[in-house]
Number of protein chains: 2
Amino acid sequence: MDVQRRLGLQIQRLRTAKGWSQEELAYRADIHRTYISGLERGTRNPTVTVVERLVKALGCTWSDLLDRTTRRAADRKSED
Amino acid sequence: MDVQRRLGLQIQRLRTAKGWSQEELAYRADIHRTYISGLERGTRNPTVTVVERLVKALGCTWSDLLDRTTRRAADRKSED
DNA sequence: ATGTGACTAATAGTCCGTT
DNA sequence: AAACGGACTATTAGTCACA
């Protein structure tokens with residue numbers, strides 16, 4: 001799972017949890033609607049300033065969007 | 001403090017904590033030395049794939065580089 | 001060992017659509 | 001509502017010579 005795909009899935013997860021359409025999120029984050037679509041599908045490689053707008057719009061952390069989902073410490077041991 | 005500046009300071013903080021030169025980090029993250037320099041000074045607006053390489057090289061989380069530093073819950077109250 | 005300006009190739013990001 | 005495409009402009013990726 002690459003970083004773009006992971007980011008896309010998390011954006012979608014958080015967006016739908018709020019009951020927002022892609023257009024609604026686009027409006028709140030001041031990002032074009034078609035770009036949100038591309039982000040969620042993992043076909044875009046956004047800059048940190050764009051992700052910052054998403055973090056603020058979604059009211060989440062960078063970790064929520066980009067770090068692997070929360071695990072117990074024991075699960076982290078096998079990472080490279 | 002914008003996202004680029006914050007990112008730059010955290011990269012520098014984690015790099016120096018390991019006793020690495022910019023060249024050493026550049027080698028480990030497979031990023032050009034002068035680009036690391038620009039990142040630390042906050043003059044670059046990198047994409048998530050570039051930050052991913054730094055996260056792996058530094059052995060840190062996205063949160064370490066981009067979320068505001070860990071604070072007590074009480075400190076979070078005055079945020080926008 | 002690092003800061004900086006300049007440069008080209010690549011791509012981020014927008015805007016117009018159709019399905 | 002959302003996936004997807006084409007075309008377009010602005011900006012980044014990546015590198016270099018030099019201070």
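Please read all numbers here as calculations on a predicted model, not as lab measurements. So you know, we letter chains A, B, ... as the sequences are listed, proteins then strands, and number each from 1.
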(request) Could you tell me whether the side chain of R5(B) and the main chain of R41(B) form a donor-acceptor pair under 3.5 Å? (result)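 Answer holds: yes.
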Checklist entry - Between the main-chain N or O of Q4(B) and the side-chain N or O of N45(B), is there a donor-acceptor pair closer than 3.5 Å? => result no
Is [X] close enough to [N] that one of its side-chain N or O atoms is under 4.0 Å from OP1 or OP2 there?
| X | N | answer |
| --- | --- | --- |
| Q22(B) | dG3(C) | yes |
| T47(A) | dT12(D) | no |
| N45(A) | dT11(C) | no |
| R15(A) | dA1(D) | no |

Calculate the interatomic distance between [X] atom [atom1] and [N] atom [atom2]; express it in whole Å.
| X | N | atom1 | atom2 | answer |
| --- | --- | --- | --- | --- |
| Q4(B) | dT11(D) | CD | C1' | 11 Å |
| E40(A) | dA1(D) | CD | C1' | 11 Å |
| R33(A) | dA2(D) | CZ | C1' | 8 Å |
| H32(A) | dA2(D) | NE2 | C1' | 14 Å |
| I36(A) | dA3(D) | CD1 | P | 11 Å |
| Q12(A) | dA2(D) | CD | P | 9 Å |
| L25(A) | dG13(C) | CG | C1' | 15 Å |
| L39(A) | dT14(C) | CG | C1' | 13 Å |

- Message: Working to the nearest 0.5 angstrom, can you tell me the gap between R28(A) CZ and R53(A) CZ?
- Response: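 Here the interatomic distance stands at 15.5 Å.
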Item to check | Whole-Å C1' distance, dA1(C) and dC18(D) | outcome: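 About 14 Å, rounded to a whole number of Å.
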Query raised in the report: Between the base of dG14(D) and the side chain of R44(B), is there a donor-acceptor distance below 3.5 Å?
Result: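 Per atom types, the contact qualifies.
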Can a donor-acceptor pair under 3.5 Å be found between the side-chain atoms of T34(B) and the base atoms of dC16(D)?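 Side chain to base: pair present.
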By nearest-heavy-atom nucleotide on DNA chain C, the more 5' of R41(B) and Y35(A) is R41(B)
- How do T49(B) and S21(B) order along DNA chain C: which one's closest nucleotide is nearer the 5' end?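 Here S21(B) is the residue nearer the 5' end.
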>> Between S63(A) and T61(A), does the side-chain hydrogen bond (donor to acceptor under 3.5 Å, both in side chains) criterion hold? Intermediate values first, please.
In response: CA-CA 5 Å; S63(A) 196; T61(A) 65; 4.7 Å; no
Note to self: Any salt bridge linking R15(A) with E24(A)? Criterion: basic side-chain nitrogen under 4.0 Å from a carboxylate oxygen.
What the structure shows: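 Salt bridge absent between R15(A) and E24(A).
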Side-chain atoms of E23(A) come closest, of dA1(D), dA17(D), dG13(C), to dA1(D)
